[in-house]
Trainee: 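Got a structure for you, written out below as structure tokens; questions coming shortly.
Throughout, protein chains are lettered first and strands after them, A, B, ... in sequence-line order, and every chain is numbered starting at 1.
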Amino acid sequence: MIARIAFALAALLISTGAFAHKPSDSYLVLRVDGAKIDGRWDIAVRDLDAVFDLDRNGDGRVDWGELRTRAGEVDAYAAPRLALAASGSACPLRVVDHEVERHSDGGYLVLDFRAECASRIDAIDIDYSLLFDIDAQHRGLLKLDSGSVVSAVFAATHRRQSFALALPSPLTQLRGYVADGIEHIATGFDHLLFLVALLLPSVLVRRGGHWEPVDRFPTVLRSVAGTVTAFTLAHSITLSLATLSIVSLPSRLVESAIALSVLLTAIDNVWPILPRRRWQVAFAFGLLHGFGFASVLADLDLPPASLALSLFGFNVGVEIGQLAFVLVLVPLAYLVRDSRFYPRVGVSAAIAIVAGGWLIERSFDLRLMPF
Amino acid sequence: MRVALLLFSSVFASLVAPCAALAAPHRPASDDEIVETLPAGARQSDRATRALRAATARDPANLDLALRLATLDVARARRDADPRPLGRAQATLAPWWNAADAPVPVLVLRATIEQSGHAFEAAAADLERALAREPGNAQARLTLASVRQVTGDLDGAIESCRQLVDVASTALAHTCEASVDAISGNAALAYDSLERAKATFARDTSLLVWATTLQAESAERLGRIGDAERLYLASRALDPADVYTIAAYADFLLDAGRSAEVIAMIARDTPVDILLLRRVQAARRSGAADAAAESDELAQRFEALRTRGDRVHLREEARYTLDVLGRPAEALALALENWRVQKEPLDARIVLEAALAAERPDAAREIVAWIDRTHLEGERIAALAEAAR
């Protein structure tokens, strides 16, 4: 009788909320980026102890050695209890590292993991079933970060939840694509060197058998504007055709041809081999470079819905980057055009050497050049 | 030397512990680094519990095994002041958890777990179902009395206590009744009744502690401050670790303006939230240097509970918000939300205090009416009710 009543007393006192700890929680953070998910999962050591009996030496404490040596088993236990899926196909997850962390109620094992989905994630289905079989009051506390952060709680009665990822506003997206375009031109040495080679002679004029400086800056501007417009027009056409999958060329061929275009333009500055009208050269080779831009855009793994927006934004970014480069390059060239040391030949030769390297590298799929 | 070392390491631990909560994840440099200390009570009972758990896992439909394991876990939750074993007991009872016609012992365990999550209605329904099938179940009767008392159904609570006479000892029934009398205008009656009951409980410490603390609270309501203190100390001497008694005595000391004694009684690194709350209140009132750090620690614990969706600490959170953070409007909202679920004297008091501090005495009208109706005694609560009237 007394034992039963003592138990009843226990029941009485439980209702006073006199608890030392909070109940069992895990902390799950998912960062979604394109088709990839970067995850961090903090699981209480006390909960893992209930599953794995971690305290092997029985000293009432779990040390890193006791935890580390069982980490593989923990992964094998935890991973199947977190099913991630996008567009109906599973995104298998892989634990890449283990750390430890303290939360307000004690020590946690941190599983750092990655998950790969088949395609870009627009919505994610999460099926969480960790520990519910041994602790019905366990909760999985989720923070889902896809630009904006969403919080959710998984419980034994609420294991499966789906989240449509908040797409950034069209303006934010557009800004992102413009930035991608600028970045691509700023780090695309082949395009930049092509522009240098193309515009190097624009401050000079060929009279008879030799080059002379142009007299007036407006003359330079006119010819540069014509050349740049032709280049822009041409690469916009092929960028659109390729992105809309109307024309597609093998990437190795395109990249090799771009290298060849740089090489030929540089050689032309020393020994004329191309048409005299610069805009024609710019247009013809611009068509090639557009295919190059398109492969970058394809790598960004765009959702079909925002294709038009991304195409436009990326192109605008490329033009902005290109224009900024030209605005620095041309006045500089104009200022030093009179000098006997105007580096038409030297720079062209250097560009030709680099472009030759690229041509060999890209044609034969080698790895020679540092950039 | 050893004493000095122990002293040093415990001081060091108490200094380090709150900072550790903010540490970034890291990979320990050595295998010997301690990642977690398991609850002290866990070790001795663990082997038996683990064996039982393994047996239950092999045969989850075995009611007998499941009941033994769940009962062990519920008792352990009480002993370690740890809610985790309650979740484990619930998982053990999963095959019967959603069945309205579950066996009586399952109903009683389920009610115990439900009320710990403040699901009082579900708990009462389960207990009534259990008693309909087994009227002689003393445990169900006593638990039902407690659930009714917590939710403010004092008549129902008294009725449950009286029915205990037939199925348990008279002293137990009287103590149960006294716990209701003490908060319904009969504190003097309760005090005397508890004095008699104590003589019968002489050999059972947990019952004796229960009766003694109840008697101390009754004395406090009657304004017999000297008796109250003597009884609190007597109860503390019987079981220095009893959380309910420490909390009640701390409230007594806080009301008497004796903050320093609260700080001395409750360790800084207490893992029990309701005790840390009292320590933080005392530290703030006495202007202790580390009040802010302790306060942050408590705020983190409330935040952690809120994040997981638990609303069981509303009473404490309301007190914290009012007394430590000094935000009466927020405290009032929390206190009123809590009042919808829990209706004990402390729940009434925090609504009154918050409503007065927020200059919204009308918000506490229901509480004033409740005090009138139940005849709850006590100078302090009477003064608060008068001010809010």
Side-chain angles (χ1 to χ4, degrees), chain A residues 1-2 4-25 40 42 44-47 49-50 53 55 58 60-68 97-107 109-110 132-139 141 151 153 155-156, chain B residues 20-21 23 25-28 30-38 40 42-43 50 71 74-75 77-78 80-84 86-88 90-91 94 97 112 115-116 138-139 142-143 146 150 168 172 204 206-207 210 243-244 247 271-274 300-301 304-305 307-310 312-313 316:
Chain A
M1 174 55 82
I2 287 295
R4 294 185 67 182
I5 285 164
F7 166 63
L9 268 183
L12 288 187
L13 296 169
I14 277 174
S15 68
T16 62
F19 287 131
H21 304 279
K22 65 182 179 55
S24 160
D25 292 325
R40 177 182 156 183
D42 297 16
V45 172
R46 289 191 49 202
D47 289 330
D49 177 60
D53 200 359
D55 181 21
R61 296 183 296 190
V62 176
D63 60 38
W64 174 238
E66 285 167 331
L67 204 49
R68 186 179 56 77
D97 198 10
H98 300 91
E99 294 175 293
V100 299
E101 166 75 303
R102 285 200 75 76
H103 289 281
S104 69
D105 64 335
L109 179 67
V110 177
F132 292 142
D133 52 337
I134 65 157
D135 186 339
Q137 294 181 7
H138 174 76
R139 300 280 186 275
L141 309 181
S151 297
V153 179
Chain B
H26 70 285
R27 169 177 273 276
S30 148
D31 273 358
D32 298 331
E33 186 173 321
I34 301 301
V35 181
E36 179 67 303
T37 304
L38 303 171
R43 260 173 292 166
R50 278 185 199 278
T71 307
V74 169
R78 154 81 177 126
D80 298 346
D82 181 2
R84 261 193 177 78
L86 293 177
R88 300 202 179 142
Q90 183 177 337
W97 190 262
T112 307
Q115 69 150 356
S116 77
Q139 192 178 297
L142 189 56
T143 311
S146 145
V150 171
L172 187 77
D204 188 301
S206 62
L207 288 174
W210 179 36
V243 169
Y244 184 86
V272 183
D273 297 348
I274 66 168
Q300 274 182 32
R301 295 195 203 174
L305 285 164
T307 309
R308 81 191 303 278
D310 279 9
V312 296
H313 280 58
E316 284 73 31

Trainee: Which value, rounded to the nearest 0.5 Å, describes the distance between A:Q137 atom CD and B:Q90 atom CD?
Mentor: 5.0 Å
Trainee: So what's closer than 4.5 Å to chain B heavy atoms on A:D42: side chain, backbone, both or neither?
Mentor: neither
Trainee: Would you call B:D32 and A:R61 a salt bridge, taking side-chain N to carboxylate O under 4.0 Å as the test?
Mentor: no
Trainee: Considering only NZ, NE, NH1 and NH2 on the basic side and carboxylate oxygens on the acidic side, decide whether A:D135 and B:R84 come within less than 4.0 Å.
Mentor: no
Trainee: CG of B:D31 to CZ of A:R68: how many Å apart, nearest 0.5 Å?
Mentor: 4.0 Å
Trainee: About how many Å separate CG of A:D55 and CG of B:L38, when rounded to the nearest 0.5 Å?
Mentor: 5.5 Å
Trainee: Quick check against the 3.5 Å criterion: does B:E33 have a side-chain atom that pairs as donor or acceptor with the backbone of A:W64?
Mentor: no
Trainee: For A:R139, which atoms come within 4.5 Å of any heavy atom of chain B: side chain, backbone, both, or neither?
Mentor: both
Trainee: Non-hydrogen atoms of chain B under 4.5 Å away: do they reach the side chain of A:A50, the backbone, both or neither?
Mentor: both
Trainee: Counting heavy-atom pairs under 4.5 Å to chain A, which of B:A91, B:A304, B:S30 comes out on top?
Mentor: B:A91
Trainee: Please say which of A:D63, A:L109, A:V100 ends up in a side chain to side chain contact (heavy atoms under 4.5 Å, CB included) with B:V35.
Mentor: A:V100
Trainee: Can you measure from NE2 (B:H26) to CD (A:E99) and round to the nearest 0.5 angstrom?
Mentor: 9.0 Å
Trainee: At a 4.5 Å cut-off on heavy atoms, which part of A:D133 comes close to chain B: side chain, backbone, both, or neither?
Mentor: backbone
